Each structure stands twice: as structure tokens, then as C-alpha cells.
Amino acid sequence: MQTNTVSELLQKERFLQKVILKGWVRSFRSNRFIAINDGSTINNIQCVLDFENTDKETISRINTGACLEIHGELVESQGKGQTVEIVISEIKILGDSNPDEYPIQPKKHSLEFLRENAHLRIRTNTFGAVMRVRAALSFAVHKYFTENGFYNVHTPLITGSDAEGAGEMFNISTLDKNNIPKNEDGSIDHSSDFFGKETNLTVSGQLEGETYAMALGKIYTFGPTFRAENSNTSRHLAEFWMIEPEMAFYDLDKTMSLSEDFIKSVIAYALENCKDDLDFLNKRQEDEDKKLPVAKRNDMNLLDKLKFVSENNFKRVSYTEAIDILRNCKPNKKKKFEYIIDKWGADLQSEHERFLVEKHFKCPVILFDYPADIKAFYMRVNDDGKTVRAMDVLFPGIGEIAGGSQREERLDVLKDKMKALDIDEKELWWYLDTRKFGTAVHSGFGLGFERLVLFVTGMGNIRDVIPFPRTPNNADF
Ligand code: 4AD
Ligand code: MG
């Protein structure tokens, strides 16, 4: 006989069927009711034990966290809260769980405690729901791009170039740390290192992605990226997953439209396909909200917010307009912002982005045409000479969820820019080749996958939406 999953069994309408189920004990009460979960759904199935006729040694081993194989009959449930249950005819203990040691008890644990038990936290309702939604979103990303004519490109994780120009990369080396070879000037000699040169973990697959867009047309990467920035916030990870589409013949307008359509589409996919998990997370957020002072509560519940975002247009606003709004807004005038906006050219902080989205426009916002000075070298310079064709997608509760640009396709302009920023042409010779041989207008963006999962699940901390978070001073598991 074939083993059934809880998800399959809960959808069954024919009763009195013989079934086999394997899963983990969530709770055992009154020496009679075992709640089993196998990860196939957030819901448990109730299994009813005949106490009198079950071996007492077996009963003593039915503890929270233990793994069981249950044979029995699927019947209409007598109790409230479930439609079916299993009347147990045979029970096998596949794996014991010592109740004095198992940390995940059938009670509410703090998220901090669960982070310390990241290998077991998936066995809670909250993390089971979050990780199933994460998996669904990941599938939706591949589905969206595949259905829209994009090719998935696996860009390298080890790189010999510093794409974004910031000193925030993790170095890779096989040199003997206790005996590092040095050049005459005291710098490290990488010639005997594994790659014969200095290498790092990538911060973005964009530059390699661009070369593929200039041959395959529309491509996307979806992989891990690494940043050694020391920002211990609820929005930053040292290892996170990024989705980076790159399109030949797309200008910035088309790219903004793509980003909006893409984000709405994957959120709609989750709403359609993760109903039980999102219902649970919605209720969870409502309960969390009740503990907050009224002013800090969400104005919409999670499900309404997801529907709102997937059904309404994002607002497009130029950086210059945004600066005007911010300069004149109450929190700026009353010096409530940590960083006061006083002039054009200022870099926007998360507090400003969230003000625009949450208080001013009350919807997702795409800011575009940023000052060249605060953006990367590869962004296309506008005719005004001081702004670039950049965009950031800003989300409620999150701030920046995606960032991108039209790329500078003019070889001479790009070279001048690199010279001005002291970026070595020789290191990026292959990147410049795309402008030398058949250059074309092209654009792309990067979306932080965990920030998307954060938004869709309504969780408050990015460490709770990735299986094993890597942050400063934390690389356990
Ligand atoms: O804005 P970023 O740095 O853009 C790039 O890397 C471009 N090369 C993307 C492109 O045009 N192809 O990063 C893109 C997104 C951000 O908007 C944010 O959502 C996310 O990646 N992100 C992070 N997410 C978690 N932890 C961090 N430390 C992140 N840094 C950026
Ligand atoms: Mg950015």
C-alpha cells in the first residue's frame, strides 16, 4: 500500500480507506489524539489511538518531535476543527525524540530562540509556512521568466572582478594564512593562489548577465550573492539570493514596466497557490499587531496588502520630485528623520523611502533618474549630464526591494566614466567588448529575493525568511 501525505489525506472524501502515513508528532493529548505533520501542508492530521489496546512502551515513545509510521483507517472526524481523522490500527516509532531535550514544544517560542535552533525551527507552523511560501515564490520566478521568453543563466559565484566597485566582498584564497606570500611593496602576492589572482565571492551576476543578454536577448540569473557589508539590520544578509533579469533592446521605461509586472505576477501566484500558509501568516500578523500601539499597527492585513499590491499600479516618481516632497515633509522639517534631506544629490535612506511609500503615496513607488554621483558606473547618463537612468522599486515595510538601470551602451562614455572613477579598464576588458562589438540599448534590475519573501510572508526580520541566515558574527549551521 502506498504512503499518503497529510495534504492528500485532508482532501480525501472517501472514508473508511486504509492509509499509511509517515510524519512527526506535533502534540499528543489525552493519551488518545496524536497531531501529525509531514510538511506537505501547514495542517496536521489527527490520529486517534486506542489506548487500551496499544503497547504501553510504544505509547511512552509518542513524544513531540518523534517520527511515526501510522497505519489506519481514514474516517469522518467526530471532533471539531477537522473533517477527517485516522483511526490507528498499527503504529511504528521510526525515530524517537527525547522530551527532556527536544527544544520545539507545542507552545509559542520567540523568533530569537528559534533562530538559535534554525535546524529545527522548520517544524513550527510559522517557519513551515514561510519556507513553503519561499519555495512557491522561487518557482513563480522561474515560471514568470520562462513564460516570458527569458533564459536562465547561471552566472559564476567566484569572480575576478569587483562589479559594484564597493569594498564589500568576501575574499577567496587558498594561500597559507600563516605564511602569506608578499610582493616587494608588501602587498599580497596572489600568483601562487588558486586562481593565480585575487578573487572574491560575487556581489551580483549583472556584468556577466549583460554579456549573455547581448547574445540571448532576454536572460535572468537567480542565485546567491555575497556582501561583507557590516549592516546588522532586519533587511540585510551577508548571503542572499538575487534575481537579475537583463534585456537587450529595453530602455528604462520598459524595464520599470517589467519589474512591476514581474513582482505583481509572483505575488498573485503566491496568493493563488499558498492559501493555507498565507491565511496562517495573515492571522499571525494580526495577532502580532494587536500587541503594538495603534500608531504602529499595519493599516491593512497581510492578505489585503498582497491583493492591493498585485492589483494596483505602482507610482513612478523621479528622484528630483521625490527630493522636493521629502525636503518639505513634516518629519524632515521637524527633524524626525535621522538623516535630514537638505539638498538635491542626497542619497536616500530607508527612512525616506518608507516615508514616500507608506505615508505619502501609500502604494509601491518606482523612483527613477537618480544623481549620477550616488549610483554605479555602468548606468546610462542622461542628457542633463548629472542624472542616470537608474530606478529603485520601493515597497511598504521594506524600502528598496529592487534596483536597476538602463546600461551605458556608448563605449566612449563608459570609458570616460570608468576613468573618472578609477576603475581599471584592463580588468573589465570583456565587459567593454560588449560595447565594442554590436552594442545596443539594454537594461536590467536586481531584486532581493529575501526582501520579496519578507513582504509576502509579513515577517519582520530577513533572518526569518532564509533557511540558515548569514549575518555579521553568525554563520552557524
Ligand atoms: O541595489 P543592488 O545592490 O543592485 C545590484 O546589485 C545590481 N547589480 C542589480 C542589477 O541591476 N542587476 O541590489 C539589488 C537588490 C536590492 O534592491 C535589495 O533588494 C537586495 O538586492 N539587497 C539585499 N538583500 C539582502 N541583504 C543585502 N545585504 C542586500 N543588498 C541588496
Ligand atoms: Mg540598490
Side-chain angles (χ1 to χ4, degrees), residues 134 137 141 145 150 153 155 159 161-166 168-170 201-213 218-247 250 252 255-256 258-259 262-263 266 319 347-350 352-354 357 364-368 370-371 374-380 388-395 397-408 431 442-456 459 461-466 469-472 474:
R134 182 182 167 109
L137 285 169
V141 168
F145 285 119
F150 286 71
V153 175
T155 48
T159 169
S161 68
D162 180 354
E164 306 287 309
E168 50 179 36
M169 301 183 99
F170 288 101
L201 288 176
T202 188
V203 295
S204 159
Q206 178 197 322
L207 302 194
E208 290 88 352
E210 280 186 52
T211 69
Y212 267 67
K218 294 196 288 186
I219 65 97
Y220 71 105
T221 71
F222 184 2
T225 46
F226 308 87
R227 299 200 182 174
E229 55 196 343
N230 206 351
S231 17
N232 235 326
T233 78
S234 58
R235 306 279 174 270
H236 288 88
L237 291 164
E239 175 181 289
F240 66 98
W241 288 64
M242 189 160 37
I243 298 146
E244 295 182 276
E246 191 71 35
M247 301 74 63
Y250 271 50
L252 188 70
T255 303
M256 289 195 276
L258 174 77
S259 69
F262 161 62
I263 296 172
V266 295
Y319 167 89
D347 204 354
L348 301 186
Q349 306 295 324
S350 164
H352 310 122
E353 297 172 341
R354 291 184 58 174
V357 172
V365 173
I366 308 184
L367 288 190
F368 61 91
Y370 279 82
I374 59 172
K375 289 291 183 187
F377 76 94
Y378 50 70
M379 298 188 177
R380 195 182 199 282
V388 286
R389 297 249 75 192
M391 65 129 184
D392 275 357
V393 183
L394 312 179
F395 255 50
I398 306 284
E400 179 189 335
I401 196 166
S405 71
Q406 188 171 318
R407 316 306 187 189
E408 185 56 77
Y431 185 69
H442 65 287
S443 305
F445 65 87
L447 177 129
F449 185 57
E450 283 74 22
R451 295 199 183 169
L452 174 71
V453 183
L454 204 51
F455 180 74
V456 174
M459 298 297 285
N461 193 313
I462 201 161
R463 293 168 173 82
D464 297 330
V465 299
I466 187 165
R470 269 81 180 95
T471 51
N474 179 23

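What you are looking at is a predicted structure, and each value in this text was computed from that prediction instead of being measured. Read the numbers this way: they start at 1 and go in the same order the structure lists the ligands and their atoms. By convention here, the first residue in the shown sequence is residue 1.
No donor-acceptor distance shorter than 3.5 angstrom exists from the side chain of Ser231 to the backbone of Thr233, with no hydrogens or angles considered. For Arg451 (side chain) and Glu400 (main-chain N/O), a donor-acceptor pair under 3.5 Å exists by modelled atom type. Remark: the backbone N or O of Phe240 is paired with a side-chain donor or acceptor of Thr225 at under 3.5 angstrom. Without hydrogens or angle criteria, Glu244 side chain to Gly205 main chain gives a donor-acceptor distance under 3.5 Å.
Taking any N or O of Leu237, backbone or side chain, at least one lies under 3.5 Å from an N or O belonging to ligand 1. An N or O contact shorter than 3.5 Å is missing between Ser405 and ligand 1 by distance.
Between the CE atom in Met242 and the CZ atom in Phe445 there is a gap of 11.5 Å [rounded to 0.5 Å]. Put simply, CD1 on Ile462 and CZ on Arg235 are 7.5 Å apart, with the number rounded to the nearest 0.5 Å.
Residue contact check: His236 has heavy atoms under 4.0 Å from atoms 26 (N), 27 (C), 28 (N) of ligand 1. Ligand-side atoms of ligand 1 in range of Gly448: 15 (C), 19 (O), 20 (C), 21 (O), range being under 4.0 angstrom from any heavy atom. Heavy-atom proximity to Gly404, at under 4.0 Å, picks out these atoms of ligand 1: 11 (O). Set against the non-hydrogen atoms of Gly403, the atoms of ligand 1 under 4.0 Å away are 9 (C), 10 (C), 11 (O), 17 (O). In summary, the atoms of ligand 1 found under 4.0 Å from a heavy atom of Tyr378, numbered by their order in the structure, are 7 (C), 8 (N). If you number the atoms of ligand 1 from 1 as listed, the ones under 4.0 Å from a heavy atom of Ile401 come out as 17 (O), 19 (O).
Proximity of Arg407 to ligand 1 is established by a heavy-atom distance of less than 4.0 Å. At a 4.0 Å cut-off, at least one heavy atom of Arg451 sits close enough to ligand 1 to count as contact. Residue contacts with ligand 1 leave out Phe226, since none of its heavy atoms falls under 4.0 Å from the ligand. Residue Glu246 places no heavy atom under 4.0 Å from ligand 1.
Residue contact annotation: Asp392 places no N/O/S atom under 2.8 Å from the Mg ion (ligand 2).
With a 4.0 Å heavy-atom cut-off, ligand 1 is reached by the backbone of Ala402 but not by any atom from C-beta on. Contacts between Glu229 and ligand 1 below 4.0 angstrom, taking non-hydrogen atoms only, involve the side chain exclusively. Of all the heavy atoms of Arg235, the ones lying under 4.0 Å from any atom of ligand 1 belong exclusively to the backbone. Under 4.0 Å from ligand 1, not a single heavy atom of Tyr220 appears. Within the 4.0 Å heavy-atom criterion, the part of Phe445 lying near ligand 1 is the backbone and not the side chain.
Taking the N/O/S atoms of Glu400 in turn, the shortest distance to the Mg ion (ligand 2) belongs to OE2.
The environment of OH in Tyr212 is sparse: at most 12 heavy-atom neighbours from other residues, nucleotides or ligands sit within 6.0 Å.
For Tyr378 and Tyr431, the ring centers are positioned 6.0 Å apart or more. Within the 6.0 Å centre-distance limit, the rings of Phe222 and Phe449 are counted as a close aromatic pair. Between Phe170 and Phe226, the gap from one ring centroid to the other reaches at least 6.0 Å.
For the pairing with His442, the side chain to side chain donor-acceptor pair (under 3.5 Å) check across Glu210, Lys218, Arg407 returns one residue only, Glu210.
Between Leu394 and Ile401, the closest side-chain pair of non-hydrogen atoms is not below 4.5 Å.
Across Phe449, Trp241, Phe240, heavy-atom proximity to atom 29 (C) of ligand 1 is greatest for Phe240.
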